[in-house]
Amino acid sequence: MSRKTSIFLAPTVAASLLVTGAGSLAQPQSFLNRGQGPTELEQFAPNSHRMGQVTSVSQLSDVRPTDWAYQALASLVEKYGCIAGYPDGSFRGNRAVTRFEMAAALNACLDVVSDRFATKEELATLQRLAEEFSTELATLRGRIDNVEGRIANLEATQFSTTTKLSVDAVMAFQAGGNTGSVFDPVTGTVLTGGGYNPTVISRVDINLNTSFRGTDQLTTTLQTGNGGLDAIAASGVGVGGFVNAGAVDYFGAGPALNFYRLYYSFQPTEHLTIGAGPLFYPSDIIDGNSYANDSFSDFSSGFFINNRLIVPFPVDGPGGAGGSIVWNPGGGSFTLRGVYVAATAGAPTNAIAAGIAGAPVNGGLFGDPYQGSIELEYARTFGANEQNNVAVRLQYTNSSTLNISQNAGGLNVELTLGRFGLFGRYGYSGVKLYGAGATILGLGPFTVDPGVFVIPAGGQVNTTAQTWMAGLAYRDLFTEGTLLAGAVGQPFINSLGSVPGINDSTQTNYELFFRYPLSDNISVTPVFMAITNANNSSTNSPILQGLIRTTFSF
């Protein structure tokens, strides 16, 4: 379908047209004028121009009867009606114009005069001006025709009138290992030390974003990969029981093409968004952070991506069904978010948790595993050109995940001062571990000796858990778009008590990366990761690994 673009008269062009003539106009500028505001075409297009029609010269706040162009402006406004002003009521008559702008203005006046009575002298003057700018008028019309043709071609060949396709893909080369041995509490075995074979890890997210009314969105995501593992995952550190206490967030995806997300959101009012879906993730809604939230563009470790007391991995790992609400009153600094997700909402009867023998869960929309969370955020920008920002998020989560019940509070903060960034998370939880005589094997943030710690039949054990992380970042080092960042933290600190080799120390994670953009769509990121006292055991040797991560987004 072709699209007709209307042209109307800019105020400074009108004054120059009848008073100074063509000879006093500014020299031609670049027609596209990239990076310096709208193009000439955009300036005169009714849908993008910010000026509005005026009916009296007195409406122009910065035009005075003593101005040399006052009579010319008054004539154009009152006699021909081809003058426009800015929304603030100004005319800005001293702004320089290009010959293309002059041609567009002249074309607008010609359209007006052709439909109204004009004197012989006026028509002669306009005819001379039309001849003077005939080349520019022809060029302008040609460019408009070209734009209309390109628009028609895009409309005819686009993927969909309602759906946009985007793809995020990561490919990582990894090498690392541990110098000694690591005890895996999930399997109860000792993993021999030494280096692991270098691996390649890949993951691809295919996103279809559909809007039916402009204020809603249906998100459908498909995911695949090569199923690759890194050295930390191969060491068995915090990956059993749906836990990720250090492995890269994108390990183990694929190789099949899997259904990954289906979520619909809409805005009943301007600042309120309501959403629901059969498969999405609590971290889609809460616990965001500008520096530590996306393993494709910032930290690779699953631990640094989210607070696992606020978004427990038994729910956020597999995802689930539920709903959400996001309210930003008046578009101000405060935002309230709420989310509920059940990981096995499709299971009408009790089920056994995947990979954890003897860990039955209730399932269903309101059964274990589930989580319900709320988050209150205060965020604002400040400083020259609003280059600084601060955000503080207070969080609460109630969850039941594989026979571990939690009431957790969290704090998520970030501060940007120019190019520097500081960020961190903290979580504290009151915990109940319960079951029917089952041995707890590395569930949630808890690592225990399966041969020592057994829940009595029909009983429960109360304990507490903490987690924290903190980091620094620096943007635009060497070139625009780069990000250098590092963080340190401890995934799980619990009060279960220690036995030799278990809970006698606290696991500590480290990560440092430098993201370098090769283009708007491709970035390369060297990453260094380390873990000491893995699985809260002083007998476990440090694990070190390095990655080269390449991310494609289009």
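As a basis for the values below, the full set of heavy atoms in this structure was taken, side chains included, without hydrogen atoms, waters or symmetry mates.
Put simply, CG on Asp298 and CZ on Phe423 are 8.0 Å apart, with the number rounded to the nearest 0.5 Å.
Closest non-hydrogen pair, Thr397 versus Ser373, comes out as OG1-OG, 2.6 Å. The shortest heavy-atom contact between Gly246 and Phe303 is N-CB, 4.2 Å. Nearest approach of Pro282 to Val315, heavy atoms of both residues: CG-CG1, 3.9 Å. Residues Gly323 and Phe280 come closest through the heavy atom pair N-CZ, 3.8 Å. Summarising the geometry of Ser283 relative to Val311, their closest heavy-atom pair is N-CG1, 4.1 Å, with the distance given to 0.1 Å. Residues Gln545 and Ile232 approach most closely at OE1-N, 3.3 Å, considering heavy atoms.
Salt bridge Arg261/Asp284: present, at least one basic N to carboxylate O contact under 4.0 Å. Of the charged side-chain nitrogens involved, at least one lies within less than 4.0 Å of a carboxylate oxygen, so that Glu414 and Arg393 count as a salt-bridged pair. With salt bridges taken as basic N to acidic carboxylate O contacts below 4.0 Å, none links Arg203 and Asp168.
In summary, the aromatic rings of Phe513 and Phe528 are positioned with their centroids too far apart to meet the 6.0 Å limit.
No hydrogens or angles considered: a donor-acceptor pair under 3.5 Å links the side chains of Asn389 and Thr416. A donor-acceptor contact under 3.5 angstrom links the side chains of Tyr370 and Asn398, judged on distance only. In the model, Gln267 has no side-chain atom that pairs as donor or acceptor with a side-chain atom of Asp216 under 3.5 Å. When only modelled atom types and interatomic distance are considered, Asp476 and Thr482 share no side-chain donor-acceptor pair under 3.5 Å. For the residue pair Glu511 and Asn509, no side-chain donor N or O sits within less than 3.5 Å of a side-chain acceptor on the partner. Side chains of Glu375 and Tyr396: a donor-acceptor N/O pair is absent below 3.5 angstrom, by distance only. Counted by atom type alone, Gln490 and Thr506 present zero donor-acceptor pairs between their side chains at under 3.5 Å. There is no side-chain donor-acceptor pair under 3.5 Å between Asn521 and Ser553.
When atom types are taken as modelled, the side chain of Asn293 and the backbone of Asp287 share a donor-acceptor pair closer than 3.5 angstrom. Judged by distance alone, with hydrogens and angles left aside, the side-chain atoms of Asn407 form no donor-acceptor pair with the main-chain N or O of Gly430 at under 3.5 Å. In this structure a side-chain-to-backbone donor-acceptor pair under 3.5 Å is missing from Asn540 to Asn533. Of the possible donor and acceptor atoms, none in the side chain of Asp316 sits under 3.5 Å from a partner among the backbone N and O of Pro312. Side-chain N or O atoms of Arg475 include none that pairs as donor or acceptor with a backbone N or O of Gly418 at under 3.5 Å.
The aromatic rings of Phe304 and Phe299 are tilted relative to each other, their planes meeting at an angle between 30° and 60°. Between Phe478 and Phe514, the ring planes lie perpendicular to each other; the angle is over 60°, past the 30° to 60° tilted range.
Few gaps surround CZ on Phe552; more than 12 heavy atoms of other groups in view lie less than 6.0 Å from it.
When each of Phe313, Tyr260, Tyr263 is tested with Tyr281 by the rule ring pair (Phe, Tyr, Trp, His ring centres under 6.0 Å), just one qualifies, namely Tyr260.
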